[in-house]
Amino acid sequence: MTTASLSSDLSAGLDPRALVVFNQVCQSGSISGAARTLGVSQPSVSQTIAQLESRLGVALLKRTATGIALTREGEALWAKAAALSAVLHEAREAVERASAGIAGPIRIGGTPGALVSLVPRAIRHLDEARASFDMSVIEASDEALSEMLRRREIELALVTTGLASPQDEFAEWTVMQDPFALIVGAAHAGLPDSLRLDSVSALPWVLPRAGGGFQRQIQSLFINAQCSQPRNVVRCDSLLTTKGIVRTTDRVTILPRQVVEAELSVGVLRAIEIENVTFQRQIGVRALASADLSPLAQRFISALSLP
């Protein structure tokens, strides 16, 4: 494409600056409010909107007794104008981060247990390597994480692995194994350091809600132990809440040892070995098979493989 043809294509389209102004008008709810936010005059904003309406051949705003309202066409355009404004803002931030030597941004999702086990470990190694980066960590269910990967809202998902072969659209690999243990508080100080799962299945429990990989692994523990599932159960997906309940009541739970490492080290919780366990909890990374990972995502995964 020649410079002339590119200029022609751009002139036939919409001025990105006009869309930014329009988005600010929509957010502010008035021409004057947008002018104050943008630091320009009110006539300048009005003229920009008028030119945008002229180019599109439709009215975008209508005046009401309380100010302005969007027309149907204005509502449709606002979604695109907001997206463009976000892209331009992210572009500026990306340049500023690059100038400051900061990698990213990267969005990482994960199930609660996988995040607790893997994220602090990876960040510790990245910090030790003097890496500067911009990272967002999002907690969600296994199913929600797959959808977020499909929509490219996250780049990596930290999940329970080894339960089944991943769907063709995903690549998945295990980076850590961590043994399950029965976790109890002071109310069960008399329990031995090792026991069979069927000997405590009648106790009151705290267990994750159905649906996630972690819950399926715990369910498999009861099946392999040939004992019935607990019936006196509080269903909870929050690790912090689960540990708090076990610490202050006579309820018990099953968690990977590393998830409760801090509580075990100070003695507020105790881990009891479950006899005849035939498998360990596996956690790892899921990503879109068709996506090329960013340099920061590759560094994050490499950090997970370090001791």
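Given the structure is predicted, the values throughout are model-derived calculations rather than measurements.
- The shortest heavy-atom contact between L207 and P230 is CD1-CG, 4.2 Å.
- At least one donor-acceptor pair under 3.5 Å links the side chain of T37 to the backbone N or O of G33.
- Contact check for R270 versus D193: side-chain heavy atoms found under the 4.5 Å cut-off.
- The hydrophobic cluster containing I283 does not contain I218, counting ILVMFWY residues as joined when their side-chain heavy atoms lie under 4.5 angstrom apart, directly or transitively.
- Remark: side-chain polar atoms of H188 are not paired, donor with acceptor, to backbone N or O of V252 under 3.5 angstrom.
- Between the side chains of T242 and T253, not a single donor N or O lies within less than 3.5 Å of an accepting N or O.
- Clustering of Ile, Leu, Val, Met, Phe, Trp and Tyr by side-chain heavy atoms under 4.5 Å joins F170 with I138, L145, M148, L149, I154, V159, L288.
- Although no hydrogens or angles enter the test, the distance criterion places no donor-acceptor pair under 3.5 Å between the side chain of R72 and the main chain of L60.
- Rounding to the nearest 0.5 Å gives a distance of 10.0 Å between CG of N224 and CG of L197.
- Contact annotation: the side chain of P16 approaches that of L84 to within less than 4.5 Å [non-hydrogen atoms, C-beta and beyond].
- The two residues T64 and A69 come nearest to each other via the heavy atoms CG2-CB, 3.8 Å.
- In this structure, V200 and V184 have side chains that are not in contact, with every pair of non-hydrogen atoms separated by 4.5 Å or more.
- Counting heavy-atom neighbours within 6.0 Å of Q226 CD, excluding the residue itself, gives a total of 12 or less.
- Applying the 6.0 Å contact sphere to CZ of R92 captures no more than 12 heavy atoms from other residues, nucleotides or ligands.
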### Task
Test L14 against L56 for side-chain contact (heavy atoms from CB on, under 4.5 Å), laying out the working first.
CA-CA 9 Å; L14 300 176; L56 289 170; 3.8 Å; yes
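- In this structure a side-chain-to-backbone donor-acceptor pair under 3.5 Å is present from K243 to V259.
- At a threshold of 4.5 Å between side-chain heavy atoms, the hydrophobic network of Ile, Leu, Val, Met, Phe, Trp and Tyr places V233 and L182 in one connected group.
- In this model, no donor atom of one side chain and acceptor atom of the other lie less than 3.5 Å apart for T160 and R281.
- Closest approach of P120 and S117 over heavy atoms only: CD-C, 4.5 Å.
- No donor-acceptor distance shorter than 3.5 angstrom exists from the side chain of R55 to the backbone of D15, with no hydrogens or angles considered.
- M176 and L264 are assigned to two separate hydrophobic clusters, defined by single-linkage of ILVMFWY side chains at heavy-atom distances under 4.5 Å.
- Counting only distance, with no hydrogens or angles, the side chain of S199 and the backbone of L195 share no donor-acceptor pair below 3.5 Å.
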### Query
Step by step, would you call F300 with M135 a side-chain contact (heavy atoms from CB on, under 4.5 Å)?
CA-CA 10 Å; F300 182 89; M135 178 185 299; 3.7 Å; yes
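- Side-chain contact between S136 and I106 is absent, with no heavy atoms from C-beta onward closer than 4.5 Å.
- Between atom CD of residue Q51 and atom OG of residue S54 there is a gap of 8.0 Å, rounded to the nearest 0.5 Å.
- Put simply, the side chain of S32 reaches to within 4.5 Å of the side chain of R36, judged on heavy atoms.
- A donor-acceptor pair is defined here as one N or O able to donate and one able to accept, closer than 3.5 Å; such a pair exists between the side chain of W205 and the backbone of L203.
- A distance of 4.5 Å separates CD1 in I68 from CG in L61, rounded to the nearest 0.5 Å.
- The same ILVMFWY cluster, assembled from side-chain heavy atoms under 4.5 Å apart, contains both V40 and L19.
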### Task
Check the pair T111 / L115 against side-chain contact (heavy atoms from CB on, under 4.5 Å), numbers first and verdict last.
CA-CA 6 Å; T111 56; L115 290 178; over 6 Å; no
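- Side-chain polar atoms of S194 and E275 form a donor-acceptor pair below 3.5 angstrom.
- Closest heavy-atom contact between G74 and F22: O-CZ, 3.6 Å.
- Under the 3.5 Å distance criterion, the side-chain polar atoms of E172 are left unmatched by any main-chain donor or acceptor of V285.
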### Query
For L70 and C26, what are the C-alpha separation, side-chain angles and deciding distance, and is it a side-chain contact (heavy atoms from CB on, under 4.5 Å)?
CA-CA 8 Å; L70 293 173; C26 296; 3.6 Å; yes
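- When atom types are taken as modelled, the side chain of T249 and the backbone of R251 share a donor-acceptor pair closer than 3.5 angstrom.
- The OG atom of S132 sits 6.0 Å away from the CD1 atom of I102 when rounded to the nearest 0.5 Å.
- The shortest side-chain heavy-atom distance between V25 and T48 does not fall under the 4.5 Å cut-off.
- Put simply, the side chain of F180 reaches to within 4.5 Å of the side chain of Q217, judged on heavy atoms.
- With values rounded to the nearest 0.5 angstrom, I108 atom CD1 is found 10.0 Å from L118 atom CG.
- V116 is not connected to I301 by any chain of hydrophobic side-chain contacts under 4.5 Å among Ile, Leu, Val, Met, Phe, Trp and Tyr, and they are in different clusters.
- Legend: ring-ring contact (aromatic ring centres under 6.0 Å, His included) pairs involving residues 93-140, not counting sequence neighbours: none detected.
- A distance of 9.0 Å separates OG in S302 from CG in L126, rounded to the nearest 0.5 Å.
- By the neighbour-count criterion of 12 heavy atoms within 6.0 Å, atom CG of D168 is sparsely surrounded, having that number or fewer from other residues, nucleotides or ligands.
- S294 and E155 are linked by a side-chain donor-acceptor pair at a separation below 3.5 angstrom, with hydrogens and angles left out of the test.
- Contacts classified as salt bridge (charged side-chain N to carboxylate O under 4.0 Å, His left out) and involving residues 99-126 (residues at least two apart or in different chains) are given here: R124-E128.
- Closest of all the heavy-atom pairs between A303 and A122 is CB-O, 3.8 Å.
- Residues L156 and R286 fail the side-chain proximity criterion, which asks for heavy atoms closer than 4.5 Å.
- Closest heavy-atom contact between A271 and R257: CB-NH1, 3.4 Å.
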#### Entry: Candidate pair E169 and R150, rule salt bridge (Lys or Arg N to Asp or Glu O under 4.0 Å), full reasoning
CA-CA 9 Å; E169 61 185 316; R150 292 187 184 99; 2.9 Å; yes
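- In summary, the side chains of T241 and S238 do present a donor paired with an acceptor at a separation below 3.5 Å, with no hydrogens or angles considered.
- At least one donor-acceptor pair closer than 3.5 Å links the side chain of T71 to the backbone N or O of A59.
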